[in-house]
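Letters go in sequence order (proteins before strands), and every chain restarts at 1. The model shown is predicted, which means the values in this text are computed figures rather than measured ones.
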Protein chains: 2
Amino acid sequence: MKAVVNVYLKNGVLDPQGKATHHALESMSFTGVNDVRIGKQIILQLQSEDKEQALIEVKEMCEALLANTVIEDYDIEIK
Amino acid sequence: MKAVVNVYLKNGVLDPQGKATHHALESMSFTGVNDVRIGKQIILQLQSEDKEQALIEVKEMCEALLANTVIEDYDIEIK
């Protein structure tokens, strides 16, 4: 079973990586962009075949390691 | 209009960040994980309201800046 975890900065938290990318795009004449935010996408291959159990486990991983919940939010998709 | 770009390492390309995360998860007693791969998720707020035009533009951005197409693949979702 596969879990896709998207980790992104909370609204209001400055994203210097996104700002730099936005600036770079503008300097390359891509002017139609209003904002850029950059997050992480973590893909986990799980042994578990139980969807609910997998979700609980991945949530624990996010809280413990994968996301910094002070400044980041995350969402989990089990496939 | 919003574009979500997922950039991830091609199959076969070593992912040290993923390996380190996998190792850390195991050392924290999350033993049910077979593999971890880490990519980027880039969220672009676009001025364009034309979905097809937006897709073309974002694809150009990926080829020019957002992805290193030698070692990375990407997919684009326009919302």
*hydrophobic_cluster_shared for Leu14(B) and Ile71(B), side chain cutoff 4.5 Å*: no

*asked:* Heavy-atom pairs under 4.5 Å with chain A - which of Lys2(B), Gln45(B), Glu60(B), Glu57(B) has more of them than the others?
replied: Gln45(B)

*Which region of Ala3(B), side chain (C-beta onward) or backbone (N, CA, C, O), has a non-hydrogen atom less than 4.5 Å from a non-hydrogen atom of chain A, or is it both or neither?*
neither

*Just wondering, more than 12 heavy atoms not from Asn11(B) lying within 6.0 Å of its CG?*
no

*asked:* Is Ala54(A) in contact with chain B via its backbone, its side chain, both, or neither, using a 4.5 Å heavy-atom distance?
replied: neither

_Listed partners of Lys10(B) passing side-chain contact (heavy atoms from CB on, under 4.5 Å), at least two apart_ = Val13(B), Asp73(B)

*Run through the side-chain heavy atoms of Ile, Leu, Val, Met, Phe, Trp and Tyr, join any pair under 4.5 Å, and report what else lands in Leu65(B)'s cluster.*
Leu25(A), Met28(A), Phe30(A), Val33(A), Val36(A), Ile38(A), Met1(B), Val5(B), Val7(B), Ile42(B), Leu44(B), Leu46(B), Leu55(B), Val58(B), Met61(B), Leu66(B), Tyr74(B), Ile76(B), Ile78(B)

